[in-house]
Structures are given as C-alpha cells and as structure tokens.
Undergrad: 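Pasting a structure here, questions to come.
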Amino acid sequence: MEFFYNLDSMREEEIKETFVGRQGLLDELVELIRRQPDGAGVQHAVILAPRGMGKTTMLLMLQFAARDGELKENWQPVRFPEESYGINDLADFWIESLTILAADTNDEELRKQTEQLEVEYSNSDELQEIGLAALKDWRNKHGKRLLLLVDNFDMILEQINDERDNARLRDVLMNDGTLMLIGGTVSFFREARAYDQPLYNFFKIFELKHLTFDQMLELLRRRAEVDQIENFEEKLKANLTRLRVLEYFAAGNPRLVLMLYRVVTQSDLTEVRLALEKLLDEVTPYFKAKIESLPPQQRKILDYIARISSKTNEGLTPTEIATHTRLSPNQVSAQLKRLSELGYVRSANLSGRSSFYTLSEPLYAIWHQMRFGRDARQKMQWLVNFLKSWFSPEEIKVESQKLAERFLEFIQLNHLSKASNTLDYRQLVAEAMEDEEEKIKVTERINQDIQKYVEVAKTTLSKVKKMKLLFNESQNALANGQPLEALQKLEEVSKIDPRGESTWILKGRILQELGQLEEAGANFDQALTINPNNCDTLLDSGLIQLKQGNFEQAINSFDKLLRITPNDTLALCARGLAQILYAIHSIEFEKISDSIKFIKQALKLDPEDELAKGELAIAYWGLFSWEVIKGNFESAEQNWKLGLDNFNDLSGKLKQALLNLVSFTFNQLVEWEQINFARRLISESPLEDQFFPLVRAIDYLKTGDEALIEKLSPEVRQIVEQVVETLRPLVPEALNRNVAKPVRKATAGPRHRSRKQLDKT
C-alpha cells in the first residue's frame with residue numbers, strides 16, 4: 001500500500017525499496033555530514049523542491065543512514081514531523097528537538113526533564129537558553145552530535161517570524177559543533193534570500209530534480225514489486241506509449257508518478273476512469289496547498305493559464321495574460337519569473353523574442369478543469385482528451401462494445417444506477433472516437449438504449465413506490481413496539497426486491513433485538529452477499545458471532561472490516577475482544593497477547609476510548625492469570641502492573657467486570673507462595689478494599705492474630721472465616737501450628753486447578 005502524504009505509516013523497508021533517482025544526492029549529503037568539523041564552521045543545508053518531489057523521503061533516508069550506517073557512532077538523528085505547527089519561537093524549536101530526541105532514544109529521564117523545563121520556565125528567552133543547554137548536555141553525556149532533520153523548515157521560520165531568534169539560531173549553528181541542520185523547503189525562503197536577514201546566504205542549497213523517464217519506470221517497477229503485482233514488466237513493455245503519456249502528466253514528480261501508477265495497473269476503460277477520478281480527488285490537497293501558498297497575483301495568473309491551457313493545450317504570452325487578468329505587463333512578467341523559479345510554470349521561446357508560458361504540471365490543468373469547469377460537459381472534457389491520448393482508436397471501439405454489453409447486463413439485473421452510469425460513460429467514449437461514421441453508429445445505439453432505460457425505469461418506479469410504502473410501514477410498526485409486524489412488512493419488501501441490502505440489514509437488527517441471534521446472523525450474511533464490503537454489516541455480523549461464541553468466525557469478520565477501514569476504533573476493539581475470548585475459550589491464554597496490538601491501535605486513534613482501556617486491562621490481566629497459574633511470577637507481576645495502569649482510568653461497570661476477572665485468578669491459587677504473591681500485589685495497589693475478605697484472611701493465617709477476625713462485624717467475619725478455612729490447607733505446616741482455628745467448621749477443602757475450572761472461565 002503506497003502512502004502519498006503520511007510516509008511515517010510506511011514500513012522502513014518499503015521506503016528504501018522505492019527510493020529511486022536520488023541515491024547520488026543521498027551519498028553527497030551523507031558525505032557532507034561525515035566531514036563536518038567538530039566545532040565552529042559546520043556547513044548546514046537545505047533541500048529545495050516543490051511538494052511531492054521527495055524531500056520528506058530524503059530526510060527519512062538520511063535518518064536511516066545516521067541511525068544505522070557509518071554515521072551512527074558520531075551522530076544522533078532528530079527528525080521533525082512534516083508539520084510542526086506548535087513551534088512559534090526558538091524556545092519551542094529546542095524543546096521540540098529534546099522531545100523528539102527523548103522519544104527516539106527511549107530516554108525516560110530526558111523526557112521528564114523536558115516536561116519539567118516547560119513547567120519551570122515560562123519566559124521564552126530563558127527557556128531557549130536552558131533548552132539548548134540540555135541538548136549540549138545530552139551530546140556531552142552520550143558522545144554523539146545531533147543531526148536535526150527539519151521538514152518544512154521555511155514554514156517553521158515563518159511561524160517564528162523573529163529576526164532576533166533567527167540571529168540566535170545562526171549564532172548557534174555557526175559557532176557550536178553540537179548541531180547540524182538539514183531542512184526541507186518548497187521555496188528559497190525570505191529568511192535565507194533577503195540581504196537584511198540574519199540567515200541570508202547561510203545554507204548550502206541542494207535541489208531535487210524531476211525524475212527522468214527511466215527513473216520513473218524504475219520507481220514503478222519497485223512499487224509493483226513491493227505490491228507483488230505479477231507480470232508487471234510485461235505490462236510496462238505493452239504500455240510504453242501510455243507511459244509517455246504518464247510521464248507528461250506526472251512531469252517527473254514522484255508523488256504524482258505513484259498516484260498515476262494505479263492507472264497503469266488497470267485494464268479496461270471504466271477502471272481507468274475510476275482510477276483517474278480517484279487520483280484527481282486525492283491530488284486535491286496537494287494542489288490546494290500549492291496554490292494557497294502563493295500571493296494573490298500569482299494565484300490569479302496561474303488560474304488563468306490553467307483555464308486556457310486546459311482548452312487549447314497551448315502556452316500563453318505575458319501580454320495575453322496581462323490583458324485578461326487586468327495586470328500590467330511588467331507585473332505579469334515579474335510574477336511569471338517567480339512562478340517559474342518556484343516550478344509552477346515553464347517557458348518556451350517558440351518565436352524568437354516571445355515567451356510562451358505553460359503549466360509545469362499538466363495534471364494540474366486537468367484537476368482545474370474538473371474542479372472549476374462551468375458545466376458538466378466542460379468538467380468531463382478532460383476525460384475525453386485523456387482517452388484520446390491513452391487508448392488507440394481500435395481500443396476505444398472495443399471498449400465501447402464492452403460497455404454496451406455491460407449496459408444490457410445491468411438492465412436485466414435491474415441495476416438502474418449502474419446502467420445510467422454506463423450510458424454516461426459510453427457517451428464520453430463516443431466523443432473520443434476519431435472515426436465520424438463509427439461515432440454516429442454508436443451514438444444512435446446509445447439513444448436506443450436510453451429509451452430502453454426509460455421504459456425499465458418506469459416499471460421499476462412503481463415497484464420502488466410500493467417497497468417504500470412497506471418499508472415506512474415497517475419502521476412505524478417498529479417505533480410502536482410491534483417488531484413482529486415490522487418483520488412481516490420487511491418480508492414483503494424482500495419478495496419484491498431480494499437484492500435490497502437495507503431490508504436484510506434492518507431485519508437482522510430487529511431479530512437481534514428479539515434475541516434470535518442465529519436468524520439475525522443469517523440476514524446479515526444475506527446482506528453481505530449483496531455488498532460484501534458494507535462495514536456496518538460486517539461489524540453487526542461479527543458481533544452476532546461473538547455473542548454466539550463463534551469466535552473464529554467473528555475474528556474473520558472483524559479482520560475483513562479492518563482491511564477496509566483500518567482505523568475504525570470500534571472494529572479494533574471488537575477484534576481485540578474476539579481474540580481475548582477466543583484465547584480463553586480455547587484455553588490458550590498466551591494468545592491473548594495477539595489482541596493487544598488491535599487495542600493499542602484503537603487507543604492511539606482515540607486515547608480517551610474507555611472501552612479500549614478496559615479491554616487492554618482485561619488483556620494484561622488475562623495474561624497475568626495465565627502466568628500465575630504457570631508459576632511465572634515475574635512475568636505475571638509485569639502484566640498485573642500494566643493491567644492496573646489501565647484499570648485506574650476506568651469507571652463503573654468496566655471496573656467491576658475487571659475485578660471479577662482478578663477474583664477468578666485469585667481463586668485459582670493453590671500454593672502458599674502464590675497466595676503471598678497475590679497479597680503483595682494487592683497491598684501495592686489501590687485494591688485492598690475490593691479484596692478485603694481475602695486480604696484479612698491471608699493476614700490472619702500469616703500472623704495468627706485473632707483480633708484481625710474478632711473485631712469484624714458478624715456478616716463480614718462469616719465471609720472471612722470461610723476464606724480462612726478454604727486457604728488453611730495451603731498454609732505451611734510450621735506456620736499453621738501457630739494459627740488458631742475459628743469456631744466455624746471448614747466449609748470447603750483445598751481446591752485444585754482443573755480443566756473444568758478453566759473451561760468455566
């Protein structure tokens with residue numbers, strides 16, 4: 001799975017395997033780091049490139065090189081996140097450096113120290129001095145210099161916006177060998193290019209170049225290898241002409257190449273359309289961020305070039321642009337020069353003295369046309385143009401015939417929405433045909449199919465009206481507390497339209513409320529045959545299986561759901577609970593640990609999710625139970641403490657459920673050593689009140705102090721005496737002689753672990 005904007009979600013191996021066309025620059029930067037003097041005169045650097053060109057990837061590769069390569073003996077990488085919105089002065093910058101350093105090195109002492117600094121020093125001037133001193137102390141203690149890898153460095157300097165802080169930063173970077181800074185930036189920022197700025201001409205600039213055609217092919221090969229796409233080399237060879245089109249639209253931008261990569265893996269026209277529409281939706285934040293970062297005049301010029309070039313595919317002169325934007329030619333020329341430097345436009349001298357400007361990224365023109373087209377036809381003209389460039393005339397003719405056959409299938413199945421979409425697409429394909437005679441034939445057949453669609457739609461409409469009436473009646477019956485009548489109405493709806501997914505779902509939920517779990521599950525299964533990827537239905541089905549004790553089937557449902565929506569906290573919690581119950585049911589307690597990754601992921605997405613906290617406590621205390629029964633006290637204690645950490649954040653019913661789980665564990669103790677172990681854990685926790693009878697009984701058996709029992713109220717004393725008699729056979733003989741027996745006779749003898757007891761769990 002390729003990630004376009006959140007590279008931290010990618011595996012390290014995946015990032016390395018798809019690193020293409022930049023190895024030379026990476027080697028140059030690594031060599032620059034290696035030869036820096038340990039003192040004044042360190043050369044700092046900035047990687048300059050438009051968005052999507054690979055700045056973040058380069059910083060990640062530098063982090064890997066400094067962490068694992070020859071640099072690791074002398075350097076500690078500190079890589080900032082892509083967005084550091086919380087940095088507004090130099091104090092914030094140093095504190096963020098310390099925070100990242102502590103996290104990357106698992107330095108708990110440094111983490112606490114950093115948090116304490118923020119509390120103690122409210123004055124920014126004092127805090128920035130103390131923060132820098134803490135970084136130097138860490139360097140002296142560990143013998144490693146710090147490599148600051150700062151993404152969007154220009155944005156951070158803009159947020160700081162203080163010449164005095166910039167001057168301080170320059171002084172530190174220039175005169176102290178503790179730090180080396182390598183930043184990533186989309187433009188040569190004002191703080192480094194203005195003569196009157198402290199950081200003027202301070203950084204060595206490295207530009208990321210556009211990928212060549214061969215590098216683009218290599219990137220596609222590596223991406224396909226990671227995704228395990230079979231016969232991809234054959235696809236490349238068969239699509240070389242199309243790949244030239246791909247090169248034109250991506251303009252050597254790695255992010256756009258990977259986005260368009262999916263298009264290469266598609267075969268027929270409809271799949272290409274869906275892939276392109278998905279791509280144009282995904283590039284929206286990319287293009288919006290690029291355009292919104294520009295000043296108003298530059299935005300206006302770029303907008304005009306995009307609107308006109310998407311229609312004509314031709315460049316525009318500064319004079320033409322000035323006329324239509326109502327700006328002076330000098331203003332337009334100056335702004336075009338700046339846009340060219342930033343990589344938004346490019347110029348070509350086609351007629352001697354005149355320059356014609358076009359967009360550097362042709363895909364932007366398509367995106368602009370789809371997003372800002374004045375009517376539906378204009379919005380979709382990009383697709384017609386793309387089809388002409390992507391497919392040969394013969395391929396378009398073949399695909400048109402396939403679409404006609406697909407339309408008939410949808411009509412027969414009464415899939416009117418899909419049939420309508422197919423008709424729309426056939427009209428676009430017809431427009432892309434170059435053979436006028438063939439275009440007329442196809443258009444006539446499309447018109448005939450439109451009439452057929454209208455006739456079927458009329459018949460279907462009457463059925464839909466009847467179904468809607470029945471559906472409304474069922475919902476009214478349900479609201480009036482008549483679930484059986486509601487089910488009867490829904491059965492009638494199902495007879496009219498057996499493919500009505502929502503009907504099966506509602507029937508399933510009503511049956512679930514009535515406690516008819518097997519029938520409810522059957523209805524959810526029927527809904528899933530219609531739409532296997534309905535997340536709500538998958539969740540309902542999994543929960544039904546969970547209630548019925550079909551844990552493996554529940555796990556399968558939740559796994560499928562998480563493949564569709566990996567960040568669904570409820571699904572993650574349900575998957576974790578299913579794993580816990582499966583482990584307990586199969587008496588394989590060690591498998592409880594498999595649930596923890598799902599629950600922790602849910603808490604990562606929502607740290608306040610009480611259900612996830614409760615499940616995490618259950619998981620750790622389930623492992624605690626297992627380790628106690630096996631006699632692994634050290635491991636048991638670790639899991640006890642982890643469970644207790646999450647237990648303390650809970651309230652109400654969840655706490656009681658967890659106490660019941662721990663009570664079960666304590667009831668399995670059959671050795672005096674285990675009992676003493678349990679007593680110590682309870683005494684070190686806030687749970688003494690909850691386990692008072694057990695605690696008092698153990699203390700009595702250890703000391704023989706009859707006052708511990710005699711001063712209790714009769715009701716509580718009776719319970720404690722029962723526990724004493726249950727535990728007495730487990731007390732060592734030497735100790736037992738010193739303990740008087742209560743008047744009450746023993747009501748229970750020694751208990752032993754058995755498979756039957758574990759089955760009851």
Undergrad: Listed by chain and number, what are the side-chain hydrogen bond (donor to acceptor under 3.5 Å, both in side chains) partners of Lys591, not counting sequence neighbours?
TA: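 Partners of Lys591 by the side-chain hydrogen bond (donor to acceptor under 3.5 Å, both in side chains) criterion, ordered by chain and then number, come out as Glu588.
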
Undergrad: Would you list the pairs meeting salt bridge (Lys or Arg N to Asp or Glu O under 4.0 Å) in which at least one residue belongs to residues 526-543, sequence neighbours left out?
TA: Arg509-Asp540

Undergrad: Holding to side-chain hydrogen bond (donor to acceptor under 3.5 Å, both in side chains), I want the full list of residues that pass it with Asp568, two or more places apart in sequence or in another chain.
TA: none

Undergrad: Using a 6.0 Å cut-off, check whether atom CD of Glu518 has over 12 heavy atoms from anything other than its own residue.
TA: no

Undergrad: Should the heavy atoms of other residues, nucleotides or ligands under 6.0 Å from CD of Glu108 be counted, would the total exceed 12?
TA: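 Enclosed: over 12 neighbouring heavy atoms sit under 6.0 Å from CD of Glu108.
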
Undergrad: Within the supplied structure, the quantity of interest is the number of heavy atoms (other residues, nucleotides, ligands) at a distance under 6.0 Å from Glu234 CD; does it exceed 12?
TA: yes

Undergrad: For the residue pair Leu538 and Pro532, what are the closest heavy atoms and their distance?
TA: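 Answer, listing the atom of Leu538 first, then Pro532: CD1-O, 3.8 Å.
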
Undergrad: State, to 0.1 Å, how close Phe64 and Lys16 come at their nearest heavy-atom pair, and which atoms those are.
TA: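 Here Phe64 and Lys16 meet closest at CD1-CE, 3.6 Å.
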
Undergrad: Apply the test salt bridge (charged side-chain N to carboxylate O under 4.0 Å, His left out) to residues Lys418 and Glu409: give CA-CA distance (whole Å), side-chain angles for both, the deciding distance (0.1 Å), then the verdict.
TA: CA-CA 10 Å; Lys418 292 180 179 180; Glu409 291 175 10; over 6 Å; no

Undergrad: Taking salt bridge (Lys or Arg N to Asp or Glu O under 4.0 Å) as the test, write out the residues that go with Asp606, two or more places apart.
TA: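 Counting only residues at least two positions away or on another chain, Asp606 forms no salt bridge (Lys or Arg N to Asp or Glu O under 4.0 Å).
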
Undergrad: Heavy atoms only: give me the nearest Val723-Ala697 pair and the separation to one decimal.
TA: CG1-CB, 3.5 Å

Undergrad: Tabulate below the donor-acceptor pairs under 3.5 Å that side-chain atoms of residues 595-603 make, not counting sequence neighbours, or state none.
TA:
from: Ser595; atom 1: OG; to: Ile592; atom 2: O; distance (Å): 2.6
from: Lys600; atom 1: NZ; to: Tyr620; atom 2: OH; distance (Å): 3.4
from: Gln601; atom 1: NE2; to: Asn567; atom 2: OD1; distance (Å): 3.4

Undergrad: Considering non-hydrogen atoms only, spot the tightest contact between Lys452 and Phe407 and give its length.
TA: CD-CE2, 4.5 Å

Undergrad: In Å, rounded to the nearest 0.5 Å, how long is the span from CD1 of Ile564 to CG of Asn533?
TA: 4.0 Å

Undergrad: If I take atom OH from residue Tyr582 and atom CD1 from residue Ile580, how far apart are they, to the nearest 0.5 angstrom?
TA: 14.5 Å

Undergrad: Run Asn534 and Thr537 through side chain to side chain donor-acceptor pair (under 3.5 Å) and show every step you take.
TA: CA-CA 5 Å; Asn534 186 311; Thr537 314; 3.2 Å; yes

Undergrad: Starting at CZ of Arg111, measure out to OG1 of Thr105 and round the result to the nearest 0.5 Å.
TA: 11.5 Å

Undergrad: Run the side-chain donor-acceptor check on residues 541-552: report pairs under 3.5 Å with partners two or more places apart or on a different chain.
TA:
from: Gln545; atom 1: OE1; to: Asn550; atom 2: ND2; distance (Å): 2.8

Undergrad: Between atom CH2 of Trp504 and atom CG of Asp525, what is the distance when rounded to the nearest 0.5 Å?
TA: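 Interatomic distance, Trp504 CH2 to Asp525 CG, rounded to 0.5 Å: 11.0 Å.
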
Undergrad: Quick one: are Glu17 and Arg222 in side-chain contact, heavy atoms under 4.5 Å?
TA: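 Glu17 vs Arg222: side chains apart.
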
Undergrad: Counting only N and O atoms by type, is there a donor-acceptor contact under 3.5 Å from the side chain of Ser685 to the main-chain atoms of Ile682?
TA: yes

Undergrad: Sub-3.5 Å donor-acceptor pair from the side chain of Asn106 to the main-chain atoms of Ala102, do we have one?
TA: no

Undergrad: When you measure from the side chain of Thr529 to the backbone N and O of Gln526, does any donor-acceptor pair fall under 3.5 Å?
TA: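 Yes.
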
Undergrad: Yes or no on side chain to side chain contact (heavy atoms under 4.5 Å, CB included) for Asn523 and Ile505, after CA distance, side-chain angles and deciding distance?
TA: CA-CA 7 Å; Asn523 278 272; Ile505 293 172; over 6 Å; no

Undergrad: Given the rule in the side chain to side chain contact (heavy atoms under 4.5 Å, CB included) test, do Leu514 and Leu484 qualify, once you have shown the distances and angles that lead to the verdict?
TA: CA-CA 9 Å; Leu514 292 172; Leu484 295 178; 4.2 Å; yes

Undergrad: Using side chain to side chain contact (heavy atoms under 4.5 Å, CB included), reason through Arg426 and Leu423 one step at a time and then give a plain yes or no.
TA: CA-CA 5 Å; Arg426 284 170 67 190; Leu423 282 172; 3.8 Å; yes

Undergrad: What is the minimum heavy-atom distance between Ser593 and Leu623, and which atoms define it?
TA: N-CD2, 3.9 Å

Undergrad: State, to 0.1 Å, how close Ala571 and Leu539 come at their nearest heavy-atom pair, and which atoms those are.
TA: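 Minimum heavy-atom separation between Ala571 and Leu539: CA-CD1, 4.5 Å.
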
Undergrad: Distance check, rounded to the nearest 0.5 Å: Phe624 atom CZ versus Leu681 atom CG?
TA: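 So the gap between those two atoms works out to 5.5 Å.
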
Undergrad: Kindly compute the distance separating CG (Asp699) from CZ (Arg696), expressed to the nearest 0.5 Å.
TA: 7.0 Å

Undergrad: So, Arg221 side chain and Glu233 main chain: donor-acceptor pair closer than 3.5 Å or not?
TA: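 No: the side chain of Arg221 does not pair with the backbone of Glu233.
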
Undergrad: Are Arg79 and Ile100 close enough, and set up right, to give a side chain to side chain contact (heavy atoms under 4.5 Å, CB included), and what steps lead you there?
TA: CA-CA 7 Å; Arg79 187 177 68 83; Ile100 297 168; 5.8 Å; no

